[in-house]
Amino acid sequence: MADTPDRDRTLPPQYDPAGEQDIYTLWERSGYFNPDKLPDAGEPYTIIMPPPNANAPLHLGHALFVTVEDIVTRYQRMRGRKALWLPGFDHAGFETQVVFEKKLDKEGRSRFGMQREEFYKEVWDFVQSNKHLSEHGLKRLGSSCDWSRAMFTLDERIVKIVYETFAMMYRDGLVYRGNRTCNWCPKHQTNLANLETKYEERTDTFYYFKYGPFTIGTARPETKFGDKYVVMHPDDERYKDYVHGQKLEIEWINGPLTATVIKDAAAEMEFGTGAMTITPWHSAVDFDIARRHNLAMEQIIDLRGKLLPIAQEFAGMKIGEARSKIVEKLKEKGLFVEEKTDYKHNVQTCYKCNTIIEPQVMPQWYMAMTKPIPSSATQDGLPAEALAKAGRPSLRDMAVAAIEKGEVEIVTERFRKVFMHWMENLEDWSISRQIWWGIPIPVKYCEDCNEIILDIEDKAAACPKCGSGKLRQDPDTFDTWFSSGQWPFAALMAQKEGQKDFETYFPTQLMETGWDILFFWVARMIMFSYYRTGKPPFAQVYLHGLVRDKDRQKMSKSKGNVVDPLGVIDTHGTDALRFALVFSTAAGNDIPLAEDKIKGMRHFANKLWNIARFVLANAEGIQIHDIEADGGTLEAFKMIGRVARLKKEVILHLDALRLHEAAQELYQFVWYEYADKYIEESKKELQDEVSKGFRQQELLQTLLELITLLHPFMPFVTETIYQEMRKRGALPIEEPEFLMIRQW
RNA sequence: GCGCCUUUAGCUCAGUGGUAGAGCGUUUCGUUGACAUCGAAAAGGUCGGAGGUUCGAUCCCUCCAAGGCGCACCA
């Protein structure tokens, strides 16, 4: 339209998401992501971002959490709150090390051939570059978080806080060194927490062998070399002639040995023959039996999963290949009774590599979950009733009380139940890992007297007990959740001196994360926070589900169904992706996300754009003013009244974190009420010179209200429209520079 | 073993104590200015089954069926 006088005033008929980055730059430069810069902001509203793992590119899961947290942050900001959304990145210890080792493997290298410092340095660089990529991705998603406060879980100030907590807990006896069965992954060469293992059903062969006068059953003949205890239930009539402690000379795999009869209720009468031998070094159940009766234990399998010299001719063999050979030998010796090949049982495996966990007895650090916290520890913030009820509460009790009291609200009832059920069965948490990437455990051991020396400043030169100068640094690192569990208070405490962030922004209001890390992370954050600060870390927990593909399949690289959020943004725009992620998505439910849905939401963004185009083209040169002052039409008040009612609904939904309902109401109102009915009517009204002026006002005012309500969901298209209105002088001068900070 | 969840239109999912909604899809019609990334209209559901509470249930309770999930775990 070369002959149109106001050519630059004609908006293109399609919304172009390519301009999103410019809008983001404007926001960022404005400084308003930093709540301290917000004019006249009221009470703080804080969300601590679950720090993305700095080991991989962003996926749709990130897009989802960003969308939800950004909607809430923008909403609260527009409601006058001093809204802080604090970003960060997680070094993600074991996870990152696994990713990095895979990378090494591809290059034909291995960490076992590297110096620890060299390895650490390479992972550090890898993580730094990933952090930059992630930050860029988060920005493209429209995150209105305060980058000036961004933190990394390995920042010196964070580590210091983590160490302080460890020291406090050590003095309170809440972390301790325990020498017992741990979950050893022979592939990754580290101990794992129970949560980091899973059970897989396998069908194996179950063998019966003659063990002196008994027939014992086992699925693992290869562990049985050292078995010199035979256990049965005290009430088992079949074995009533044998007494506890009785010695028997028997013939076993590698010759004669003296066996001892143990009576223990752990042996189930219904299982197998009711008689079993035990291998305490490689089974937690057996370990408990051995400890109850003070029995000897011996290691049979080394840390790589190979048999030790006790296995004689089998020594050095991988347990897998040794099994059949050992059975063969027992057959030759006439000790074999029978085998059943349909034995179904669950084997514990590493959650990362599926390798079968080989229980090993070795010293690890543990956190006591159910032990009463000594009265010297911080307990101020606990509700009095909860304290009374719990007596001297443990870490677990504090978390349970927090939920029961409602100091921490888990938004969906379903997850509250799941949480409580998990808390009931809580066992001590093993927090040490034999990996290199992570926060080192700040402990030294005296080589001469074995004294444990807590040394959080790395200054100890001599053993305080025996004076020896021979100290050995604990080579292990913390479970990454030990540090991220402290994140809500640590990320605020570690900010610049004088900013008083912890005082201002803690406790936070909302924790938004995936339900899959409810136990790993949320539960631990609650416990750490009460312990360290006496307060809950957050008032509410909103759990989102997994983003799946259109066939409800989990997205994974191996299936090749991974959708790259940045690719989606390139084709459909951030707003379309964001709206698709919250539309029709109730909290906690998984989200099947088809491209069609994103496309549909892109149509909506475009619809909004064209609504604005129509309104602006038909209200050229008009500035919004108070219609009531000059007596508007009845229609106008009806429309404005309806928008006011819509706003009330949206506020109710958003306050209750029903983002999907707010989104649906807005969608339907904008499209079916405002566009299809009101704008269609307006075409006639605008022809009428008498009603024209009012109608222009109504159209503009309604548009401004609607983009305001939609802004948290679709920040880019709404801000673009707002800036266009501003440029054209449609907005009164008292309106703010950005829609982002316009108050509802 | 302990516990949790789901079952609503062809598909994917919202929702409510008073006889149901959206997106996508389907059918028919309609394009000289907001938008074909559109408009007008339509088809399509006894809200898994049985029983109960209620004046009234898809929504509350019980049982059943199918599917899914979490925790724990016996040699």
Side-chain angles (χ1 to χ4, degrees), chain A residues 1 4 10-15 194-195 197-199 201 206-208 216-221 223-224 227 230-232 266-279 282-286 289 343 345-348 412-427 515-516 518-519 545-546 548-552 572-573 576 579-580 582-586 588-618 658 660-661 663-665 667-668 671-672 675-676 679-680 682-683 699 703:
Chain A
M1 305 250 176
T4 308
T10 310
L11 300 174
Q14 284 171 31
Y15 170 63
N194 290 342
L195 270 178
T197 67
K198 53 187 182 162
Y199 290 86
E201 193 178 83
F206 195 76
Y207 305 90
Y208 290 94
I216 57 123
T218 182
R220 299 196 63 188
T223 65
K224 296 281 152 198
D227 287 9
V230 58
V231 185
M232 58 220 72
E268 301 217 2
M269 292 187 266
E270 294 76 29
F271 192 92
T273 59
M276 64 175 176
T277 63
I278 57 169
T279 314
H282 301 290
S283 154
V285 174
D286 293 2
I289 295 171
Y343 175 59
H345 64 153
N346 293 321
V347 296
Q348 194 181 15
T412 44
E413 174 65 12
R414 173 177 147 214
F415 288 117
R416 198 189 69 83
K417 285 183 192 162
V418 171
F419 182 91
M420 293 305 251
H421 183 252
W422 186 72
M423 293 304 278
E424 276 168 28
N425 307 312
L426 204 52
E427 289 185 355
W515 58 256
D516 51 327
L518 180 60
F519 310 139
L546 231 57
R548 297 173 178 271
D549 76 2
K550 62 179 171 23
D551 303 314
R552 300 197 108 265
H572 301 296
F579 217 76
V582 289
F583 199 81
S584 274
T585 307
N589 287 359
D590 287 354
I591 305 169
L593 189 70
E595 177 151 14
D596 276 349
K597 189 169 176 185
I598 302 169
K599 225 157 94 185
M601 295 308 148
R602 181 193 176 157
H603 296 174
F604 179 59
N606 195 56
K607 186 75 185 176
L608 189 64
W609 176 254
N610 274 290
I611 286 169
R613 225 178 133 219
F614 175 85
V615 172
L616 292 178
N618 286 287
R658 293 188 298 260
H660 60 293
E661 297 228 46
Q664 291 212 25
E665 294 229 11
Y667 181 101
Q668 280 168 46
W671 204 310
Y672 304 130
D676 288 353
I679 285 190
E680 289 306 318
S682 298
K683 289 176 180 170
L699 283 166
L703 175 65

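Naming: A, B, ... by sequence-line order, numbering from 1 per chain.
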(request) Determine whether R658(A) and V582(A) make a side-chain contact, defined as any pair of heavy atoms from C-beta on separated by less than 4.5 Å. (result) no
(message) Which is more 5' along RNA chain B, the nucleotide nearest R220(A) or the one nearest L195(A)? Just name the residue.
(response) L195(A)
(message) Can a donor-acceptor pair be found, under 3.5 Å and without considering hydrogens, that links the side chain of D286(A) to the backbone of T279(A)?
(response) yes
(message) Need one value for D286(A): base, sugar-phosphate or nothing, where a base atom within 4.0 Å counts as base even if backbone is also close, heavy atoms only.
(response) nothing
(request) In whole angstrom, give me the gap between the P atoms of U37(B) and C24(B). (result) 13 Å
(request) Answer with base, sugar-phosphate or nothing: what part of the nucleic acid does Q664(A) contact at a heavy-atom distance below 4.0 Å? (result) sugar-phosphate
(message) Looking only at the side chain of M276(A) (C-beta and beyond, no hydrogens), which of the listed nucleotides C73(B), A75(B), G15(B) gets closest?
(response) A75(B)
(message) So N346(A), base contact, sugar-phosphate only, or nothing? Heavy-atom distance under 4.0 Å.
(response) base
(message) Please report the distance separating the C1' of G21(B) from the corresponding atom of U8(B), rounded so that it comes out in whole Å.
(response) 10 Å
(request) Write down the distance separating the C1' atoms in G17(B) and U12(B), rounded off to the nearest Å. (result) 28 Å
(message) Suppose we define a pair by two distances each less than 3.5 Å, Watson-Crick or G-U wobble; what does U37(B) pair with here?
(response) none
(message) Taking any heavy-atom pair under 4.0 Å as a contact, classify E661(A): base, sugar-phosphate, or nothing.
(response) sugar-phosphate
(message) Do S283(A) and I278(A) make a side-chain contact, defined as non-hydrogen atoms from C-beta onward lying under 4.5 Å apart?
(response) no
(message) Of the listed nucleotides (G15(B), C74(B), A22(B)), which one gets closest to any side-chain atom of Q668(A)?
(response) A22(B)
(message) Can you measure H603(A) atom NE2 to A34(B) atom C1' for me and round it to whole angstrom units?
(response) 16 Å
(request) Looking at every strand, decide which applies to A267(A) at a 4.0 Å heavy-atom threshold: base, sugar-phosphate, or nothing. (result) base
(message) I need the CG-P distance between N606(A) and G23(B), as an integer number of Å.
(response) 16 Å
(message) Once you apply a heavy-atom cut-off of 4.0 Å, does L593(A) come out as touching a base, just sugar-phosphate, or nothing?
(response) nothing
(request) Tell me which nucleotide among C71(B), A75(B), A14(B) gets nearest to the side chain of T218(A). (result) A75(B)
(message) Going by purine N1 to pyrimidine N3 plus the second Watson-Crick contact, or the G-U wobble pair, all under 3.5 Å, which nucleotide sits opposite G44(B)?
(response) none
(message) Tell me the interatomic distance from D590(A), atom CG, to A14(B), atom C1', rounded to whole angstroms.
(response) 16 Å
(message) Counting the atoms with a prime plus P, OP1 and OP2 as sugar-phosphate, which does F415(A) contact under 4.0 Å by heavy atoms, base, sugar-phosphate, or nothing?
(response) nothing
(request) Indicate yes or no for a side-chain donor-acceptor contact from T218(A) to the backbone of R220(A) under 3.5 Å, with no hydrogens or angles considered. (result) yes
(message) If I pick the P atom on U7(B) and the same atom on G15(B), what distance separates them, to the nearest angstrom?
(response) 10 Å
(message) Checking contacts here: which listed nucleotide (C71(B), A14(B), A75(B)) is nearest the side-chain heavy atoms of F206(A)?
(response) A75(B)
(request) Pick base, sugar-phosphate or nothing for V615(A), based on heavy-atom distances below 4.0 Å to the nucleic acid. (result) nothing
(request) Would you confirm whether R602(A), through its side chain, and A576(A), through its main-chain N or O, come within 3.5 Å as a donor-acceptor pair? (result) no
(request) Measure from CD on Q348(A) to P on A72(B) and round the result to the nearest Å. (result) 9 Å
(request) Please determine, for the side chain of A586(A), which listed nucleotide (A14(B), C38(B), A34(B)) has the closest atom? (result) A14(B)
(request) Take the protein atom CG of D227(A) and the nucleotide atom C1' of A75(B), then report the distance between them rounded to whole Å. (result) 10 Å
(message) For the NE2 atom of H603(A) and the NE2 atom of H572(A), what is their distance to the nearest 0.5 Å?
(response) 8.5 Å
(request) Check for a donor-acceptor pair, side chain of T585(A) on one end and backbone N or O of F583(A) on the other, with a separation under 3.5 Å. (result) yes
(message) Could you tell me the Watson-Crick or G-U partner of G23(B), where both distances fall under 3.5 Å? Say none if there is no partner.
(response) C11(B)
(message) Among A14(B), C73(B), G3(B), which nucleotide has an atom closest to any side-chain atom of H421(A)?
(response) G3(B)
(request) For U27(B) versus G44(B), give the span between their C1' atoms, rounded off to a whole number of Å. (result) 11 Å
(request) Calculate the interatomic distance between L608(A) atom CG and C38(B) atom C1'; express it in whole Å. (result) 15 Å
(request) Can you figure out which of A72(B), A34(B), G23(B) approaches the side chain of K607(A) most closely? (result) A34(B)
(message) Only pairs with both distances under 3.5 Å count, Watson-Crick or wobble alike; so what is the partner of C71(B) in this structure?
(response) G1(B)
(request) Decide side-chain contact (heavy atoms from CB on, under 4.5 Å) for I216(A) and Y207(A); before the verdict, give the C-alpha distance in whole Å, the side-chain angles of both, and the deciding distance to 0.1 Å. (result) CA-CA 8 Å; I216(A) 57 123; Y207(A) 305 90; over 6 Å; no
(message) Regarding F604(A), tell me which of base, sugar-phosphate or nothing describes its non-hydrogen contacts under 4.0 Å with the strands shown.
(response) nothing
(request) Consider the side chain of N194(A), meaning its heavy atoms from C-beta on, and name the nucleotide among A14(B), A72(B), C35(B) that approaches it most closely. (result) A72(B)
(request) Return the value, rounded to whole Å, for the distance between atom CE of M420(A) and atom C1' of G3(B). (result) 14 Å
(message) When the C1' atoms of A43(B) and C29(B) are compared, how many Å lie between them, rounded to an integer?
(response) 15 Å
(message) Checking the side chain of D590(A) only, and the main-chain atoms of L546(A) only, is there a donor and an acceptor separated by less than 3.5 Å?
(response) yes
(request) For the pair K597(A) (side chain) and P592(A) (backbone), establish whether a donor and an acceptor sit closer than 3.5 Å, ignoring hydrogens and angles. (result) no
(message) Can you tell me which nucleotide in C4(B), G70(B), A14(B) comes closest to the side chain of K417(A)?
(response) C4(B)
Listed pairs, N/O of protein and of nucleotides 30-33 of chain B, under 3.5 Å:
none

(request) Would you name the heavy atoms of H345(A) and A219(A) that are closest together and state the gap between them? (result) CE1-CB, 4.3 Å
(request) Would you kindly compare E427(A) and Y15(A) by the position of their nearest RNA chain B nucleotide and give the one closer to the 5′ end? (result) Y15(A)
(request) Once you apply the 3.5 Å cut-off to both distances, tell me the Watson-Crick or G-U wobble partner of A66(B), or none. (result) U6(B)
(message) With a 3.5 Å limit on both atom pairs, tell me what A57(B) is paired to, counting Watson-Crick and G-U wobble, or say none.
(response) none
(request) Identify whether any heavy atom of N618(A) sits under 4.0 Å from a base atom; if not, whether one sits that close to sugar-phosphate; answer base, sugar-phosphate or nothing. (result) nothing
(message) Could you check whether any side-chain N or O of K224(A) sits under 3.5 Å from a backbone N or O of T277(A), counting only pairs where one atom can act as donor and the other as acceptor?
(response) yes
(request) Nearest whole angstrom, please: distance from the C1' of C71(B) to the CZ of F419(A). (result) 14 Å
(message) If I pick the P atom on G68(B) and the same atom on A36(B), what distance separates them, to the nearest angstrom?
(response) 45 Å
(request) Could you please name the option among A14(B), A75(B), A22(B) that lies closest to any side-chain atom of F583(A)? (result) A22(B)
(request) Sticking with atom C1', work out how far U26(B) lies from A9(B), rounded to a whole angstrom. (result) 12 Å
